[in-house]
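Working notes for the structure below.
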Number of protein chains: 2
Amino acid sequence: MRTVAAAAGVSHQTVSRVVNGEPGVTDGTRDRVLAAMRSLAYRPGAGARALVRGRTEVVGMVVPHDPGFTFANDHLLRLIGGADTELAARGYGMLLSTRETGGGAASAYRRFDRRRLVDGLLVEAGVGADALPDLAASGYPVVVVGYTHQDVPCVHPDDEAGAYAVTQHLLALGHRRIGTVTGPSALASGARLRGHERAYADARRRLPADLTEPGDFTVDSGYAAAGRLMSRRHPPTALFAFNDGMAVGALRWLREHGRAVPGDVSVAGFDDTAAAGLVDPPLTSVSLHSTDLGRRAAQLLFDLIDERADPPRETVLPGTLVVRASTAPPRGHR
Amino acid sequence: MRTVAAAAGVSHQTVSRVVNGEPGVTDGTRDRVLAAMRSLAYRPGAGARALVRGRTEVVGMVVPHDPGFTFANDHLLRLIGGADTELAARGYGMLLSTRETGGGAASAYRRFDRRRLVDGLLVEAGVGADALPDLAASGYPVVVVGYTHQDVPCVHPDDEAGAYAVTQHLLALGHRRIGTVTGPSALASGARLRGHERAYADARRRLPADLTEPGDFTVDSGYAAAGRLMSRRHPPTALFAFNDGMAVGALRWLREHGRAVPGDVSVAGFDDTAAAGLVDPPLTSVSLHSTDLGRRAAQLLFDLIDERADPPRETVLPGTLVVRASTAPPRGHR
DNA sequence: ATTGTTCACGTGAACGTTCACATCGCGGTA
DNA sequence: TACCGCGATGTGAACGTTCACGTGAACAAT
C-alpha cells in the first residue's frame, strides 16, 4: 500500500480512501492512485483490514455432509446458493464447513470458533442440535436454518402449513384413509403431523386410527413403511410420506406389489427435491423454497451482526404444494 | 493476547508458542497459559496471523449454481465435501463462491482476488472456461476440477475409460446397435465418445452409423433425443446417454411409448448421481467418485501452495461402472 | 574456575490496514 | 488585513500476531 502511495505521490491514507471509495478525494488524485494500483497489481489485504476493524466480513456456514443420505442434496445446495447470493451482495464471503453426520457436531463449528475468522454463523439444522447451546454461548451471532429451535434465532419452512396443504389436497380428491410415513423424531415431523391432523379436523372428517408408520427419511424406510401400511386390514388409499425419499421408497413398494400409482394408491412426498420430478409418476410434494430460506437466514444474520433492531426469534417461510401425477381421486370416486 | 500473557505471568511470545503447540515451553507454564486462555475466553485472531505470515490458510472454491440444472447436485456436494475434508485435515478453511451460470464467470473468483483472502483456488469446470486464462495469470495457485484443461493443473474423471466400460458392458450383453446421446460440446463429451468408439473397435465390431444424437445434459433433451433415435428405420436396442439426466429423459420417453426397460431397450447413464438409483428401473451408470475428485484436487492445490515438487498438469481418476437393472441382454438374445 | 551448550523465556520490530487527528490551502467574510 | 470555515490530504498510532533475535539459568565438559 505504501508502495502504491509512493508511486502515486500521495499518502497511504489517500490510497485507503480510494480503495474504500470514500469521499474527499479529487478526481485527479483518484485516477492517479487507481493507475498506480493497476500497474503494481496491488490488491488490498483482507487480513490487515480485519485486524483493525475487528470484522472479517466472512460468515461461516455449517452443513451436514452425509454421503449416504443423498436426498436433501439439492435442498442443501440451494440453501447455500441462496445464502451466498445474499452474502455476496454485501461483500461478504462464506466459509463453508461440511460435517460428517455423527462426527461430533461441535468440531465443525469449532473450526471457525478457534480462530476468530467469521463474523457470524449459519447452521443447517441437520448438523444436530447437540452443539447449539455451546454455540449460542460462544458469543457469535448464530442463525439456525431448517428446524425450529428455541435457544437460537432460526428460519425454517412452515412444515405444518405444508402438510396441511397436502392432506387438504388428498381429502379434496376424495381420499378418506390417508396413511402417513413420519420421520424418526417428534422434532423432525411433529409439525407435519399436526398439519395433517388439522386438515382432517377442518374438513370435519374423523382421523382414521392406526394409519401412521415411522420412517427415518431414507428410501428403504419408506419402502418398509409402505409395506406395513398396505398390509393393514383396511389399507389406505393414499400415502403421505414426510419426505420425498420415503415417498420414492413407497412408490417402489407399490410398483413391486402391483399397485398402480395413482390409479390404486395416491402418493405424496415432502421437500420437493429434484428427484420428485424425475420418478415415475412424478411426485406431488411440497416445495420448501430452499433458496429463499438461505437468503432469509443470511439477512437475519446480518441483522444480528449489525445489531440492528432485534430480529425475530423465529422466522417461518411458507411452502408451496406442487401437484404432480402421483395423486388422483381414489378408485371408484365420482 | 497480551492480557492472557499478563494473567499467566509470561510474555506474549510464550502465549504464541502455546497457541501454536511449539516446543520449548515447560509443562507448568503451558498449563498456566492454557488456564488463562480458558478463563479469559481467548481465541487467537486469524487476521493478525494472516497479516504477518502472508498466508490466510483459506482456499477459495468456485462452483456453478444453476437452480434449473439439478442433476449435478450431488456430484457437486460430494466434490465440496471431499475437498473440505482434505482442507480441514490441514487446518484450512474453504471460502465458497457459488456462481449463477452465465452470470460472468469472472465475477465469482474476483470476489477472492480483490482482497487477498485465499491462498489458492479450486474451480469446478462447470463455471465456464472463459475466466480461466485471466485467473491463471492472476498469480494464484489454481486447480480445475471436472474437465480437462490445458492452461491450469486439473483433476478430472477418466471419461474415456468410463464410457469404454459402459459400451463394453452393453456389447458383452449382446447389443450391437447402441445409440448414444451426447453432450452439447466436444469439450463435454469428446472423451466419452472416444471411449464408446474404442470399445467397438476393441470388440472388432463395426460402429453403426447414424446412431448419435446431441443433447444438452437436461432431462428434456434426453427425452427428445431418445425419441429421435427410436424413430430410426433400424432403432437401437440400447441407449447410452452421456449423463444420468438425459438417461432419465430417455427412460421417460421409452415408458410413454410402451417400450419396456430393459426388456425391449437397455439404458445406461453416466455420473451415477443420486437419481440413478432411484428411478425405475435403477440406472446402470458410471460413478465418478466425486469425493475422491474433490480430495485429490485439494491435495494438488496444497502441492501448488507449498511449492512442493511441481504437480502433474493433469490428474485422471478412474470411474467405476455400476451395473443396475436398466441394462440386460437384447430381446431374443441367447 | 572457566567455558560452552542447551533450554526456557523475553524483547522489540514488523506485517498492512484504518482511525483519530493535524495540517495545508483557499475562498469568503468581518 | 485578519480571521473563519471547509475540503483535500498527510501523520502517527494502533490492531494482534509472528519473527529474529537476545538473555539468563542450569548443567556438563574441560
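In what follows, chains are A, B, ... by sequence order, proteins preceding strands, each numbered from 1. Bear in mind the structure is a predicted one, so any value in this text is a computation, not a measurement.
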Exercise. Any chance you could lay out the side-chain contact (heavy atoms from CB on, under 4.5 Å) test for E314(A) and H156(A), step after step, and finish with the verdict?
Key: CA-CA 8 Å; E314(A) 183 168 16; H156(A) 62 90; 2.7 Å; yes

Quiz item: How far apart are the C-alpha atoms of I80(A) and M94(A), what are their side-chain angles, what is the distance that settles it, and do they pass the side-chain contact (heavy atoms from CB on, under 4.5 Å) test?
Solution: CA-CA 9 Å; I80(A) 294 172; M94(A) 171 189 287; 3.9 Å; yes

Exercise. Would you sort out whether H289(B) and R296(B) count as a side-chain contact (heavy atoms from CB on, under 4.5 Å), showing the intermediate values?
Key: CA-CA 11 Å; H289(B) 305 299; R296(B) 195 80 194 81; over 6 Å; no

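With contacts defined as side-chain heavy-atom distances shorter than 4.5 Å, the pair T291(B)/L79(B) does not qualify. Contact of the T315(A) side chain with the C154(A) side chain is not registered, since no non-hydrogen atoms from C-beta on lie closer than 4.5 Å.
When the C1' atoms of four end pairs are superposed on the next four at each end of the helix from dA1(C)-dT30(D) to dA30(C)-dT1(D), using five pairs per end, the two resulting axes differ in direction by 60°, to 10°.
Minimum interatomic distance between P311(A) and D303(A) (heavy atoms only, all atoms of both residues): CB-CB, 4.3 Å.
Listed by residue number, the members of residues 37-45 of chain A with any heavy atom below 4.0 angstrom from DNA chain D form an empty set. Near DNA chain D, meaning a heavy atom under 4.0 Å away, the residues from residues 6-27 of chain A are G9(A), V10(A), S11(A), H12(A), Q13(A), T14(A), R17(A), G24(A), V25(A), T26(A).
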Would you list the atom pairs, donor with acceptor, under 3.5 Å between side chains in residues 17-34 of chain A and any protein atom, with sequence neighbours excluded?
from: N20(A); atom 1: OD1; to: R49(A); atom 2: NH2; distance (Å): 3.2
from: R30(A); atom 1: NH2; to: E22(A); atom 2: O; distance (Å): 3.1
from: R32(A); atom 1: NH1; to: A8(A); atom 2: O; distance (Å): 2.7

Considering only distance and modelled atom types, tabulate donor-acceptor pairs under 3.5 Å from the side chains of residues 50-57 of chain B, sequence neighbours left out.
from: R55(B); atom 1: NH1; to: D306(B); atom 2: OD1; distance (Å): 3.2
from: R55(B); atom 1: NH2; to: I305(B); atom 2: O; distance (Å): 3.4
from: R55(B); atom 1: NH2; to: D306(B); atom 2: OD1; distance (Å): 3.4
from: T56(B); atom 1: OG1; to: V58(B); atom 2: N; distance (Å): 3.4
from: T56(B); atom 1: OG1; to: L117(B); atom 2: O; distance (Å): 3.2
from: T56(B); atom 1: OG1; to: D119(B); atom 2: OD1; distance (Å): 3.1

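Rounded to the nearest 0.5 angstrom, T14(A) OG1 and M1(A) CE are separated by 9.0 Å. For the atom pair CG of L317(A) and CG of D158(A), the computed distance is 9.0 Å after rounding to the nearest 0.5 Å. Rounding to the nearest 0.5 Å places CG of L87(B) at 11.0 Å from CG of L95(B).
Side-chain atoms of D84(B) and T98(A) include a donor-acceptor pair closer than 3.5 Å.
A nucleotide of DNA chain D counts as in contact with chain A when one of its atoms lies under 4.0 Å from a heavy atom; the first and last such, 5' to 3', are dA8(D) to dT17(D).
R30(B) comes within contact range of no nucleotide atom at all, as no heavy-atom separation falls under 4.0 Å. If you check every strand for non-hydrogen atoms under 4.0 Å, R55(A) touches nothing.
No option in H75(B), R295(B), R78(B) other than H75(B) meets the side-chain hydrogen bond (donor to acceptor under 3.5 Å, both in side chains) test with S290(B).
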